[in-house]
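All residue numbers refer to positions in the sequence shown, counting from 1.
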Amino acid sequence: MDAVPRRVPVRQQSRHREAPRADGDRPPDDEVAFWAPIEEVHWDGTPVREDVAPQRRAPARARRQASRTSALPDPLPGLTALVLLSLVAAFFAWVSAGPFWLAVGHARDGTVVIDHCTGGGLTQRCRGIFTADDGRFLAHGVRISGVPAGGSAPGTALPARMTGPDGGTAYADTGPGRHLRWLPGLLAVLGCTAGIVRWTGSARMPGRRHRRWSVAAALAGPALITLGFLAAAW
């Protein structure tokens, strides 16, 4: 261990060469090299340089969030999607409002008499006269939904229900089929709501507070439309 050197000479090279001495003498040893600890040099005498730590890339989630917040949405496609999806949501909310109230129990039982029917199968349209069982109202020319096959002859009486005297449709279907008239429609409204949030760029607004308000506004539009049709069909 005593034979291992503790220090080694390291030669320092200046940027500018010194002019040769006139007298031809060599510079002193302290001007040519200095002795550095052996831990600070390699085996060949070159100094050990500290390795620069490589820059770590940001996580993929942070990069996606940064790109999502930095890209501002184009207003024209967003406005187009907003108008179209709002109209589609309004249609499904309108056709689902009456069956929803019937499914939850808000209905007037009665009897509907078929006046006439046109078409057949899925394109069949029937109208008739609805009479409430309690005799409170009589509705003429109402649409009849759920007419069974073979029971569309004029003058046929069917048990049916209506939401009230202002309702325009008498529903003659019973059982689990009555839930199929409102559940797909409301699911379509939820799909339109998700489409509005996606295509209007509400989730890509810069700033957390602005994103929350824009997403809340996108959700509130179809919700208010649905509540309005439910209130009208009460």
Audit row: Met162, Leu102, side chain to side chain contact (heavy atoms under 4.5 Å, CB included) steps and yes/no: CA-CA 8 Å; Met162 289 185 64; Leu102 295 177; 6.0 Å; no

From CA spacing to verdict: side chain to side chain contact (heavy atoms under 4.5 Å, CB included), Phe130, Leu138: CA-CA 6 Å; Phe130 179 85; Leu138 182 68; over 6 Å; no

Audit row: Ser145, Arg181, side chain to side chain donor-acceptor pair (under 3.5 Å) steps and yes/no: CA-CA 10 Å; Ser145 176; Arg181 295 189 177 276; 3.1 Å; yes

Derivation of the side chain to side chain contact (heavy atoms under 4.5 Å, CB included) call for Ile114 and Val147: CA-CA 9 Å; Ile114 298 178; Val147 177; 4.1 Å; yes

Derivation of the side chain to side chain donor-acceptor pair (under 3.5 Å) call for Thr169 and Arg143: CA-CA 5 Å; Thr169 304; Arg143 294 186 299 270; 3.1 Å; yes

Leu158/Thr111 under side chain to side chain contact (heavy atoms under 4.5 Å, CB included): CA gap, chis, key distance, verdict: CA-CA 6 Å; Leu158 300 173; Thr111 303; over 6 Å; no

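Criterion: ILVMFWY side-chain heavy atoms under 4.5 Å apart, direct or through other members. Under it, Leu190 and Val88 are not part of a common hydrophobic cluster.
Considering all non-hydrogen atoms of both residues, Thr156 and Ala153 come closest at OG1-O, 2.8 Å. The heavy-atom pair separating Val197 from Ala218 by the smallest distance is CG2-CB, 3.7 Å.
The backbone N or O of Gly119 lies less than 3.5 Å from no partner atom in the side chain of Thr123, so there is not a single donor-acceptor pair. The backbone N or O of Leu230 sits less than 3.5 Å from a side-chain atom of Trp101, completing a donor-acceptor pair. Between the side chain of Thr226 and the backbone N or O of Pro222, at least one donor-acceptor pair lies under 3.5 Å.
When Phe92, Trp182, Tyr171, Phe229 are each tested for a ring pair (Phe, Tyr, Trp, His ring centres under 6.0 Å) with Phe100, only one passes: Trp182.
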